[in-house]
Amino acid sequence: MDRNPSPPSSDAEDEQAAGDSIGNTVYSKHWLFSILTKLIEVISPEKSDSNLNHEEVQTELNEEMENDICKMWDMSMDEDVALFLQEFNAPDIFMGVFAKSKCPRLIEICVGILGNMACFQDICMSISKDDNLGQMLLQHLCDSDSPTLLETSRLLLTCLSQAEVANIWVERIRENPSVYDCVCFIMSSSTNVELLVKVGEVVDKLFDLDEELMLNWIKNGSCQSVGQSTDDSPEERPDFKIVPCVLEAAKQVRSDNPEGLDVYMHILQLLTTVDEGIQAIVQSPDGGRETWTLLYGLVCHELCQPDDPPIIIQEQKSVLASILSVLSAMFASQIQQEYVKMRKNMPLIGSLIRILQNMEDCGKRSFDNSKKSQPEETEKSGTVEEDFHLKILKDICCELLSNMLQDLTKENILEGLNQGHLNEQKCSCAFQNLLPLYFTSVESFLEALREADQTLADSLEKRFPSLRLQT
């Protein structure tokens, strides 16, 4: 079925006996209880040999049963319904489904219902504290059914996003190192963009919550996977590494899902917050070339392009900040690598300056719009409060640009001028943003610029007297 059916109609009064409504809803307790009873019957059929054999091989739901439990899935988004399900031990029934059913659709729906129920704090606490249920759910990260994987990931993200229970799940995952293999397998092999995005959000949340777990995953190689077939011997399983898996997932989502790309770039950024993460990137077999090439391509050829309106920077500020942060860490660590040589990276310098130009343009427009709407307040303050995320992007961009500029030679600058990556307007924008904090870098660049184009260097010194006074 392409979608879940709508919840059952409750207009008919004959279906609503007095006191049959669930909480403040119009949903029927009797109807919902009957569906739970059917679920119990599915996993505990009459003990005739014929029924038992049928249950062992049944992999599909009949249409009526699927419609009914899909209605319950929709209804479970209501807190009163979720509390009713909790009261009648629905999580225990679902555990029975997980243990006995061979039907992927049934398992998917039951996990989805739990995910809806977990949106409510008290129920989430109860679900999270049930270690048997928790272990079963983690096992479903190794399921071969993509819809089940998606619902499992959604449930985990819901729990990890609630501060009261997040640590329970972090500890549970830390104690199950095989979860690492399951997650890496999805990231490295799935082509389901929706699933990749949700799994990425889970990894991003885990790394943000717990540095120790992130360090363990950075150091991990291959681990025995929970719930996976034992047909393959351990030595035949891939030796998963976190960085290549994240890169592969990022490549899959980059064109179809900007939010997903943002998630995976933030995962890379989190990795660079620890030395082990930076080393995992730059000491990979290719020395970090694949990571640099992907991020370089995103900045130079896909994000914030010359024909994009300057306001695009508002949409892309988060993903750009993550990308530039990783590039900056790599540049500082791998200056000797061929792929970061300046002669190959003049387009990146041009892109960094374009990002700064767009931020300046957005800042001017924000000021003008604020002045028109609230002229008196704007006149008093003299400025508009700078967007916090844009400020972060600016700081990261300036740091990387300053490091790259100070390494330019005369030949690099001549190439940049010939290719249009540098000119007076762009250099002025760079200086305006880098000074006075990065004076040393600007001074170093200006010395090389004098050898390449004395006229341009003189013009820039006139625009920025502080340079002329101190040289």
Side-chain angles (χ1 to χ4, degrees), residues 180 183-190 196-197 199-201 203-204 206-208 211 214-221 238-304 316 318-349 351-352 355 393 396-397 399-401 403-404 407:
Y180 168 86
V183 170
C184 283
F185 180 77
I186 295 170
M187 292 192 295
S188 62
S189 63
S190 178
L196 286 171
V197 173
V199 168
E201 289 176 337
V203 174
D204 187 43
L206 282 171
F207 286 3
D208 195 38
E211 185 176 296
M214 181 173 71
L215 287 168
N216 289 340
W217 282 26
I218 291 170
K219 298 170 184 176
N220 261 346
D239 182 18
F240 290 121
K241 300 294 183 184
I242 189 66
V243 173
C245 294
V246 170
L247 292 179
E248 187 59 37
K251 293 174 188 175
Q252 286 290 335
V253 305
R254 67 189 290 184
S255 301
D256 299 325
N257 196 299
E259 292 80 10
L261 180 64
D262 194 352
V263 168
Y264 280 99
M265 293 302 100
H266 191 251
I267 293 173
L268 285 176
Q269 181 184 4
L270 287 173
L271 290 175
T272 63
T273 60
V274 293
D275 290 339
E276 293 87 345
I278 297 174
Q279 296 309 309
I281 294 173
V282 301
Q283 291 186 0
S284 57
D286 67 351
R289 180 182 296 275
E290 184 180 2
T291 305
W292 183 273
T293 300
L294 173 63
L295 273 54
Y296 175 97
L298 288 169
V299 175
C300 294
H301 305 302
E302 295 186 28
L303 301 172
C304 197
Q316 299 175 352
S318 176
V319 67
L320 280 170
S322 294
I323 292 172
L324 297 185
S325 180
V326 178
L327 287 173
S328 184
M330 292 185 69
F331 187 82
S333 301
Q334 289 294 85
I335 195 65
Q336 75 279 7
Q337 286 288 344
E338 180 65 23
Y339 63 79
V340 299
K341 297 299 182 185
M342 297 314 304
R343 60 185 174 81
K344 294 186 175 182
N345 286 304
M346 289 308 303
L348 180 55
I349 289 178
S351 296
L352 294 175
I355 290 170
L393 174 58
I396 296 171
C397 187
E399 180 181 6
L400 177 56
L401 181 60
N403 287 333
M404 298 187 81
D407 286 339

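Here the side chains of Leu348 and Phe331 are not in contact, with every heavy-atom distance at 4.5 Å or above. Counting heavy atoms from C-beta outward, Thr291 and Leu247 have side chains that approach closer than 4.5 Å. The closest side-chain heavy-atom distance from Leu206 to Val183 is not below 4.5 Å. Using a 4.5 Å cut-off on side-chain heavy atoms (C-beta onward), Ser284 and Val243 make no contact. Between Met265 and Gln269 there is no side-chain heavy-atom pair separated by less than 4.5 Å. Contact annotation: the side chain of Ile242 approaches that of Tyr180 to within less than 4.5 Å [non-hydrogen atoms, C-beta and beyond]. The closest side-chain heavy-atom distance from Arg254 to Leu298 is below 4.5 Å. Phe207 is listed as a side-chain neighbour of Leu271, based on a closest heavy-atom distance under 4.5 Å.
Looking only at distances, a side-chain donor or acceptor of Gln316 sits under 3.5 Å from a matching main-chain atom of Cys304. The main-chain N or O of Pro347 is found under 3.5 Å from a side-chain atom of Ser351 such that the two form a donor-acceptor pair.
The number of heavy-atom neighbours closer than 6.0 Å to CG of Asn216, taken from other residues, nucleotides and ligands shown, is above 12.
How far CD of Glu399 is from OG of Ser325: 8.0 Å, rounded to the nearest 0.5 Å. Here CD of Glu201 is found 10.0 Å from CG of Asp262. Values are rounded to the nearest 0.5 Å. Here the straight-line distance linking atom CG of Leu352 with atom SG of Cys300 works out to 8.0 Å at 0.5 Å rounding. To the nearest 0.5 Å, the span separating CG on Asn345 from CG on Leu400 amounts to 9.0 Å. Once rounded to the nearest 0.5 Å, the distance linking OG of Ser189 with CD of Gln252 reads 9.5 Å. From Ile218, atom CD1 reaches atom NZ of Lys241 across 11.5 Å, with rounding to the nearest 0.5 Å.
Screening residues 277-300 for salt bridge (charged side-chain N to carboxylate O under 4.0 Å, His left out), with sequence neighbours left out, gives Lys251-Glu290.
Considering all non-hydrogen atoms of both residues, Val199 and Tyr264 come closest at C-OH, 4.3 Å. Across Met330 and Gly288, no two heavy atoms sit closer than the pair CE-O, 3.3 Å. Nearest heavy-atom pair, Leu295 versus Leu268, reported as atom, atom and distance to 0.1 Å: CD1-CD1, 4.1 Å. Contact record, Ala250 with Leu294: CB-CD2, 4.2 Å, taken as the closest heavy-atom pair. Considering all non-hydrogen atoms of both residues, Gly260 and Val253 come closest at C-CG2, 3.7 Å. The heavy-atom pair separating Gly200 from Ile267 by the smallest distance is O-CD1, 3.5 Å.
Looking at residues two or more places apart in sequence or on another chain, you find a side chain to side chain contact (heavy atoms under 4.5 Å, CB included) between Gln283 and Gln279. Remark: Ser190 pairs with Ile186, Asn192, Leu195, Leu196 by the side chain to side chain contact (heavy atoms under 4.5 Å, CB included) rule, at least two apart or across chains.
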